[in-house]
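See below for the structure under consideration.
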Amino acid sequence: MSAQLGIAVVTASASGIGREIARTLRRDGYRVVVSDIDREGGAAVAQELQAEFRACDMREPSQIEALFEGLGPVEVLVNNAGIAGPTRPLPQISLAQWQEVIDVNLTAAFLTCRIVVPGMVAAGRGSIVNLSSVAAKIGYPDRSPYCASKWAVLGLTASLAREVGRHGVRVNAILPGTVRGPRIADVIAKYAHQNGISNEAAERHYLERQATEAYVEPTEIAEMVSYLSSPRARSITGQFIGVDGGFE
């Protein structure tokens, strides 16, 4: 582990991609704050990393505010929290389902950025990494709330990068492809059910969109976050970076 750096907050870091990001940033020397709605899982990750755990439901603005209370300036913010939402045609999607996806995938990132940016600007440094998706490169049948939210994350990223770049603060988005883990397994199962095909056929559908025809590993996303949060990426901001196995 390298010398202690500043504070890094990783949302939804009790499992999957978020957990690997928290592990990697802790390896890099950051004081990591693990945050998740899953109290048991989040506390276990924090104990493993000798980090701090703060429970947070990203649908609740008051809990997002509480997440940052008393922390001091944040050097790295990783907006990893996200939900898949429903897999069904748009007319069958309720307003409540739409709103929940937008709240978690987009509004929560707006709120966390609004909280940490003033401190980063005052310090003259900082890195914000927003997790978007390859769904921000395409139209996604039966996944309109998710797709719309992930496209919107790119707009938020690009706009904020232009606002704060002259203050030494960088803002980038990562677009993961089909990342191995329980989240994509659930998405594949829903796609199979919606289209009346087997799970194996649904899995092939997802993997064949990628040139590698292989899952992206959570550690690969984490290493990109590590790079974007380091001085090596000083001139990289406002970018949409695919870690997606050549998805198209």
Path from Val76 to Val169 over hydrophobic side-chain contacts below 4.5 Å: no
Pairs satisfying salt bridge (Lys or Arg N to Asp or Glu O under 4.0 Å), at least one member in residues 184-208, at least two apart: Asp186-Lys190
side-chain hydrogen bond (donor to acceptor under 3.5 Å, both in side chains) against Asp142, all qualifying residues, sequence neighbours excluded: none
Flag, side chain of Asp28 to backbone of Tyr30, donor-acceptor distance under 3.5 Å: no
More than 12 heavy atoms of other groups within 6.0 Å of Gln92 CD: yes
Pair Arg31 + Glu52: basic N to acidic O under 4.0 Å: yes
Joint cluster assignment, Met224 & Leu5, ILVMFWY side-chain distance < 4.5 Å: yes
Pairing of Glu48 and Arg26 as salt bridge, 4.0 angstrom limit: no
Same cluster (ILVMFWY, side-chain, under 4.5 Å), Val153 and Ile138: no
Verdict with supporting geometry, His167 and Met120, side-chain contact (heavy atoms from CB on, under 4.5 Å): CA-CA 8 Å; His167 301 292; Met120 289 182 172; over 6 Å; no
hydrophobic_cluster_shared for Leu156 and Val104, side chain cutoff 4.5 Å: no
Contact check, side chains of Cys56 and Ile64, non-hydrogen atoms, under 4.5 Å: yes
hydrophobic_cluster_shared for Leu106 and Met58, side chain cutoff 4.5 Å: no
Polar side-chain atom of Gln239 near backbone of Thr237 as donor-acceptor pair, under 3.5 Å: yes
Glu223 bridged to Arg27 by N-O distance under 4.0 Å: yes
Residue from Val34, Val9, Leu71 passing side-chain contact (heavy atoms from CB on, under 4.5 Å) with Arg54: Leu71
Check residues 176-184 and write down every donor-acceptor pair under 3.5 Å in which the side-chain atom is one partner and the other belongs to a residue at least two apart or another chain.
from	atom 1	to	atom 2	distance (Å)
Thr178	OG1	Gln210	OE1	3.1
Arg180	NE	Glu217	OE1	3.3
Arg180	NE	Glu217	OE2	2.9
Arg180	NH2	Glu217	OE2	3.0
Arg183	NH2	Gly82	O	3.3

Heavy-atom neighbours of Arg59 CZ exceed 12 at 6.0 Å: no
Donor-acceptor contact below 3.5 Å, side chain Asp57 vs main chain Ile37: no
Single hit among Asp244, Asn130, Ile17, Leu228 for side-chain contact (heavy atoms from CB on, under 4.5 Å) with Ile174: Leu228
Asn172 side-chain N/O to Val129 backbone N/O, donor-acceptor pair under 3.5 Å: no
Geometric class of the Tyr206/Tyr191 ring pair [parallel <30°, tilted 30-60°, perpendicular >60°]: perpendicular
